[in-house]
Visitor: 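Below is one structure. I have some questions about it.
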Amino acid sequence: MVTRRDFLKRVGGAAAATAVCTRSREVWARPDPPQRLNIIWIYSDDHAENAVSAYGSRLAEVAPTPNIDRIAREGMLFRNSFVTNSICGPCRAVVLTGLHSHLNGITRNGQRFDGEQQTFPKLLQDAGYQTALFGKWHLGSTPTGFDAWEVLPGQGHYYNPDFITPSGQETVEGYVTDIITDKALHWLENDRDETKPFMLMVQDKAPHREWEPGPDHLTLFDDVKIPEPDTLFDDYAGRGTAAREQDMTIAETMRMGPDLKVWDESEVGSFVWNRTYGRMNEEQRAAWDAAYDPKNEAFREANLEGDDLVRWKYQRYLKDYLRCIRSIDDNVGRVLDYLEKTGLDKNTVIFYSSDQSFYLGEHGWFDKRFIYEESLRTPLVVRWPGVIAPGSEIEQLVQNLDCAQTFLDIAGVPQPENMQGRSLAPLMRGEQPDDWRQSIYYHYYEGENAVHRVYKHYGVRTDRYKLVYFYTLDEWEFYDLKKDPNEMQSVYDDPAYASEVAALKTELARLRTHYQVPEEDP
Ligand code: SGN
Ligand code: CA
């Protein structure tokens with residue numbers, strides 16, 4: 001006899017549970033053939049929450065993302081979605097393992113992921129799923145736990161990208177965002193085993209630095225003025241050494257050639273030129289030059305200096321960045337259309353997220369790494385037909401640490417005890433767990449000797465407060481996000497906050513014990 005519990009387990013988790021509850025006894029005795037849910041994870045690189053229009057920001061009107069927004073509109077948007085360590089490799093390792101950096105072995109970029117360890121794709125495979133991954137990987141080792149995979153070497157290329165595949169390396173003509181989606185759709189259409197459910201990861205390179213737009217969007221936003229953030233000319237007076245000494249400003253750090261596309265002749269043939277503009281074929285280069293040459297000419301003639309130059313750089317940076325995102329959004333649309341056309345949309349849970357968020361001129365910066373809001377956050381939207389009420393928003397604090405358990409839960413696969421996150425599926429079903437986490441732990445390990453010179457730090461954030469410890473500097477910062485959402489003034493030494501600071505210190509210590517963070521950095 002099939003018990004109700006066995007049955008639920010067999011048909012795969014929550015969606016089925018909801019459906020079954022409403023069925024009559026008669027149907028109950030003769031269930032449809034088990035339909036397990038498919039999962040699609042679209043994961044871009046450095047896509048700021050402020051550049052997803054569903055989140056609403058100064059950019060929402062000038063640079064909408066209609067297809068990503070469609071996932072939110074037909075599904076759910078997580079208002080308070082955060083990372084554990086705001087940098088690429090570490091975020092990816094957290095998603096795969098459900099473990100903080102110090103336990104999954106990837107505290108910084110450039111380390112080699114131990115593919116022998118437990119990951120959610122492997123657990124899904126063991127449970128009968130087909131798994132596939134296309135696009136950015138950036139974890140050093142060869143992917144494990146995937147039935148099919150084709151990944152970019154390291155950061156990859158925007159134009160005519162190389163791919164590492166199980167049968168060797170190949171170069172594919174075209175634009176990376178389109179090609180990654182082509183590969184994913186090709187796998188869905190031709191190569192997957194239709195008798196099994198699937199989990200597909202579509203991992204874009206874009207909109208990562210050097211923000212090279214695709215051939216179809218080179219002149220997008222040419223006639224638009226991108227709104228500036230209030231903090232573009234931040235002088236860091238209200239914060240500590242780390243904010244003052246970083247190397248990630250639009251004013252100083254951003255490079256005219258590779259980043260802003262105003263190359264100097266001496267750079268032609270350089271390493272960075274070769275991996276960017278230098279990779280284009282004749283046709284691509286002609287389109288690029290036709291778009292950029294007149295704009296660059298006007299810029300040279302204007303002879304800008306000081307704040308005017310920063311403003312120009314900001315416009316060029318943001319336009320290129322948002323052009324890259326337009327291609328991502330187009331390609332999200334292609335995936336959604338494919339699901340609809342094939343009917344797969346009905347039993348596929350689709351996520352859109354980014355490895356981390358990004359500074360779009362806030363505090364004068366680009367890049368990420370800091371625990372401050374713009375890089376601590378990451379966009380997260382999901383559509384789960386029949387389960388998530390369309391247009392839902394979730395305020396609870398969630399983290400990329402929760403992904404692995406969420407995927408397992410959706411698939412009806414048991415969640416290993418040692419994973420450190422929590423399944424988001426109950427939130428998606430509309431439940432209000434009263435024991436949801438009240439704080440998150442963050443830890444950035446690269447330090448001042450790495451690119452962009454951001455000092456090591458760890459900290460805790462609640463719905464209102466943030467406490468940060470820059471431990472190699474022995475400096476603390478504390479922010480009241482309600483009163484100071486842009487984090488312009490640390491109130492660590494303000495006696496009015498003494499009890500809140502003390503409470504967060506206790507909470508930080510509790511989290512470090514709870515997550516088993518070692519005293520010394522691994
Ligand atoms: C490269 C970028 C940096 C970026 C890191 C990490 N420089 O080094 O700006 O912070 O990647 O990015 S670039 O000249 O190569 O563009 S991450 O997303 O992989 O963590
Ligand atoms: Ca990234």
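Position 1 is the first residue of the sequence; numbering continues from there. Remember, it's 1-based here, ligands and their atoms both numbered in the order they're listed.
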Visitor: Is it true that Tyr455 and Glu245 share a donor-acceptor pair across their side chains at a distance under 3.5 Å?
Guide: yes

Visitor: Using a 4.0 Å heavy-atom cut-off, say whether Asp46 meets ligand 1 through its side chain, its backbone, both or neither.
Guide: side chain

Visitor: Taking the basic N atoms (NZ, or NE/NH1/NH2) and the acidic carboxylate oxygens, is any pair closer than 4.0 Å for Lys136 and Glu150?
Guide: no

Visitor: Side chains of Thr65 and Asp69: do they bring a donor and an acceptor to under 3.5 Å?
Guide: yes

Visitor: For atom 6 (C) of ligand 1, grab the closest protein heavy atom and report residue, atom and distance to one decimal in Å.
Guide: Asn109 ND2, 3.4 Å

Visitor: Would you mind checking if Glu210 and Arg275 are paired as a salt bridge, meaning a charged N to carboxylate O distance below 4.0 Å?
Guide: yes

Visitor: Please list, in number order, the atoms of ligand 1 under 4.0 Å from a heavy atom of His138.
Guide: 19 (O)

Visitor: Around atom 3 (C) of ligand 1, find the nearest protein heavy atom and jot down its residue, atom name and distance.
Guide: His452 NE2, 3.4 Å

Visitor: Before accepting this row, confirm whether a basic side-chain N of the pair Arg239/Glu477 lies closer than 4.0 Å to the acidic partner's carboxylate O.
Guide: no

Visitor: Would Lys313 and Tyr317 count as a cation-pi pair here, with the cationic atom under 6.0 angstrom from the ring centre and within 45° of the axis?
Guide: no

Visitor: Starting from atom 8 (O) of ligand 1, what is the nearest protein heavy atom, named by residue and atom, and what distance separates them?
Guide: Val451 CG1, 4.4 Å

Visitor: Is the closest N or O pair between Phe366 and ligand 1 shorter than 3.5 Å?
Guide: no

Visitor: Only heavy atoms of His208, strictly under 4.0 Å: list the atoms of ligand 1 that pass.
Guide: 11 (O), 12 (O), 17 (S), 18 (O), 19 (O)

Visitor: With no hydrogens and no angle check, just 3.5 Å: does a side-chain donor-acceptor pair link Asp46 and Gln356?
Guide: yes

Visitor: Show the atoms of ligand 1 that are less than 4.0 angstrom away from any heavy atom in Arg275.
Guide: 13 (S), 14 (O), 15 (O)

Visitor: Which protein non-hydrogen atom lies closest to atom 16 (O) of ligand 1, naming both residue and atom, and how far is it?
Guide: Arg209 CD, 3.1 Å

Visitor: Do any heavy atoms of Met248 fall under 4.0 Å from ligand 1?
Guide: no

Visitor: Does Glu446 have a non-hydrogen atom less than 4.0 Å from ligand 1?
Guide: no

Visitor: Find all atoms of ligand 1 within a distance of less than 4.0 Å from any non-hydrogen atom belonging to Asp45, and give their numbers and elements.
Guide: 18 (O)

Visitor: Could you tell me the residue and atom name of the protein heavy atom closest to atom 5 (C) of ligand 1, and the distance to it rounded to 0.1 Å?
Guide: Arg369 NH2, 3.7 Å

Visitor: Counting heavy atoms only, which part of Met254 comes closer than 4.0 Å to ligand 1: side chain, backbone, both or neither?
Guide: neither

Visitor: Is ligand 1 under 4.0 Å from a heavy atom in the side chain of Arg255, in the backbone, in both, or in neither?
Guide: side chain

Visitor: So how many protein N, O or S atoms does the Ca ion (ligand 2) have within less than 3.0 Å?
Guide: 5

Visitor: Taking His217 as the fixed residue, which of Ile325, Asp330, Leu322 is the one that meets the side-chain contact (heavy atoms from CB on, under 4.5 Å) rule?
Guide: Asp330

Visitor: Between Arg437 and Asp402, is there a salt bridge with N-O shorter than 4.0 Å?
Guide: yes

Visitor: What is the closest protein heavy atom to atom 18 (O) of ligand 1, and at what distance does it sit?
Guide: Lys368 NZ, 2.9 Å

Visitor: Should Glu446 and Arg453 count as an ion pair when the cut-off is N to O under 4.0 Å?
Guide: no

Visitor: Any side-chain to backbone donor/acceptor pair from His443 onto Arg512? Under 3.5 Å, distance only.
Guide: no

Visitor: State plainly whether the residues Lys261 and Asp320 are in salt-bridge range, i.e. N to O under 4.0 Å.
Guide: yes

Visitor: Is Arg108 close enough to touch ligand 1? Criterion: a residue heavy atom under 4.0 Å from a ligand atom.
Guide: no

Visitor: Could you identify the single nearest non-hydrogen protein atom to atom 4 (C) of ligand 1 and state the distance to 0.1 Å?
Guide: Asp367 OD1, 3.5 Å

Visitor: Closest non-hydrogen protein atom to atom 11 (O) of ligand 1, residue and atom name please, with distance?
Guide: Gln155 NE2, 3.1 Å

Visitor: Any ion pair linking Asp45 and Lys205 (charged N to carboxylate O, less than 4.0 Å)?
Guide: no

Visitor: Using a strict 4.0 Å threshold on nitrogen-to-oxygen distance, state whether Arg369 and Asp367 make a salt bridge.
Guide: yes

Visitor: For Asp521 and Tyr471, does a side-chain donor sit closer than 3.5 Å to a side-chain acceptor?
Guide: yes

